[in-house]
Amino acid sequence: MSERDHETRDTLSSQYRSDVPVWNRLSYPTQRKIRTTGLYGILSVILVTILFPLYWMFITSVRPQREVQTRNPTVLPTELTLENYESLFLVSDFPLYLQNSVTVVIGVVIVTTTLATLGGYGLTRFNIPYQNTFARGILFGYMFPSILLAIPMYILWSDIGLINSYIGLIFAETALALPFSLWIMWKFFQTVPESLEESARVSGASRFRTMVDIALPIAKPGIVAVGIFSFAISWNEYTLPRILMPDADSYVITTGIQAFQQQNTVMWTEIMGATFLASLPAFLFVYAFQKYLLAGFDPTDIG
Amino acid sequence: MTTINVQDLRKEFEISSGVEVAVDGVNLDIDEGEFITLVGPSGCGKTTTLRCIAGLEQPTSGTIRFDGEDVTEVPAEKRGLAMMFQNIALYPHMSIIDNIAYPLKIRGVSKDERYQQARDAAEVMQIDDMLDKKPGDLSGGQRQRAALARTVVQDPFAFLMDEPLSDLDAKLQIELRREILRVHKRLGRPTVYVTHDQEEAMTLSDRIAVMNDGHIEQFGTREQVYYYPNNLFVAHFIGNPSINTLEGELESLDGETGRVRTHGRTLEFSVDRYEAASHADDVLVGFRPQSVTLADLVDDPVFDLTLSFLEPIDDRALARLDGPEGELRALVPSNQPLVEGNEVPVGIDTDELFIFDATTKELVATSGVASTKDVSQSVNVD
């Protein structure tokens, strides 16, 4: 009897076998292996696409000039040298550009985080007419491309004498970074329960003390995220410094790198060296604070 | 002696469709060392009243006095109060010891001293082994203990509590109720406690303010609100399961006896309290489920009703009956043999009746013997 059952099942199975897709006929371990291999395959292609230019940038910067300007470039360098970096720091104006960039970035980060934190706190804690409309409207300001703002800014800045000044560029770049930063902080403070601050107030803390002791520490991931965001905006910004800092002495890194190109020859090795150095801080910054960055963009994950 | 006095408190909120009156003409006198509960359904203004006392809301009109001094315009941080919140409100970035010591830190107490005080308070609350943890690592009950410890170290003028136990499970609620009462009795400071749970109000309070729709319906000891509710709302709100009412017509009523006719039956009762103010003959007869008896325990059946549902609770069971005006509730011994769906004789104890005016819903009279309802002193008052 059981033998007959077995036989029937077998025939039924074989009868429907052709209907089962090939994929489902594979065992689960095989399916998993294929899926993993496929995923890693796609990942490697993406990685190579992203990493190769970085590799090329670095490798060009440590090659001697003649190995760069050749008809038969090699993927692996045959000779390594630091002479490009030497000329970058000792001959060119690169240190000046770096100094300009760092000054402006520090300014933008400080001004943006301060304003965004205070503004975000105010937008959630005080009764302002049309509060929500205002808060959402701020994000609209982020939609403007910097080139659209740059021309009016140039006219305005030159009227009040802020062209080629750190302050002028700091304000201009803050205008780029602030809308989104304010929006992040607005969202973040919404997740800090007001009863925490009320509890502190009943315990005797003034409103300001309450903000410093309670609201700010809880909003720290948001503040760090805003700091990183404004750093990235300012460090990478090209259009505004190009227009608002036209003097060669006022070049920041982004505009300065371009200057290497505007002389008789294109100095590829110096360009790549400068680019490599310029990308380092961004990388280190994000790497060091990535824990906060993720928490900062996801305000639901606190406490 | 009155320590907290609230007079004609009114609070309006501006909402998109106009103005909403959350609190309307509330008067409260809270005596030294008293435990007062504001109880009422959600949206009755009890929390708003508390927040006005705390200084977290600015009253639209009215005055609040502490020890006779007008504090209506004084900001929350200058009132010297301690408050517990429904969501506990421990600071998530601080350890428990820092949380407990925070009110002292604001006052500039040195670190050693405030930690010592925090440790003492934590020990009383039995959370002294949790001091270095963050609030997130504690259970709900432990967190509320820490929050209680934080209010204790403040040595406040008064304690304010905004439904501090409503997020906890039933067993923890009872445990922490005891802790709160212990703290209250030890420190002897007035406490204002807000809850929607009438049972919590009954177990904790010296006096209960039953609130509805922005005003106080009745303010009295638990015995007063239970045995002599001012009106139908209080009678409905206080007591569990809630009171039964039947429409009736008064045949006679004076200071001694009364007769009321309801659904073809006449109930005669002796009068305990009689509000002599004029009243119509149309009344509502109220009686608590505790004064209803069923089946073989009935001496003099008033109705014969179908038993629709029987819910055992502990040694009692809640019986739901198909009454002449919808459901009637009765609390019966759970070992009484009753069968759902059967018709049973129903008796009503005529010594525990409440007669309400049918139009104004105000109390007209209660029946029974006053000596069995001792209202002279609440059991919580030492």
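What you see is a predicted model; the values in this text were computed from it and never measured. Naming: A, B, ... by sequence-line order, numbering from 1 per chain.
Between chain A and the residues B:Gly55, B:Ala147, B:Gly80, B:Ala76, the largest count of heavy-atom pairs under 4.5 Å involves B:Ala76.
Only the backbone of B:Leu90 comes within less than 4.5 Å of a heavy atom of chain A; no side-chain atom from C-beta onward does. Within the 4.5 angstrom heavy-atom criterion, no atom of B:Met84 approaches chain A. Using a 4.5 Å cut-off between heavy atoms, B:Leu56 touches chain A through its side chain atoms alone. For a residue to count as touching a neighbouring chain, one of its non-hydrogen atoms must lie under 4.5 Å from one of that chain's; by this rule B:Lys134 does not touch chain A.
Between B:Leu38 and B:Thr49, the closest side-chain pair of non-hydrogen atoms falls below 4.5 Å. A:Phe134 places a side-chain heavy atom less than 4.5 Å from the side chain of A:Leu123. In this structure, the side chains of A:Glu237 and A:Trp235 stay at 4.5 Å or more apart for every pair of heavy atoms.
One finds the CZ atom of A:Phe58 at 5.0 Å from the CZ atom of A:Phe276 (value rounded to the nearest 0.5 Å).
In this structure, A:Ser101 contributes its side chain and A:Leu98 its backbone to no donor-acceptor pair below 3.5 Å.
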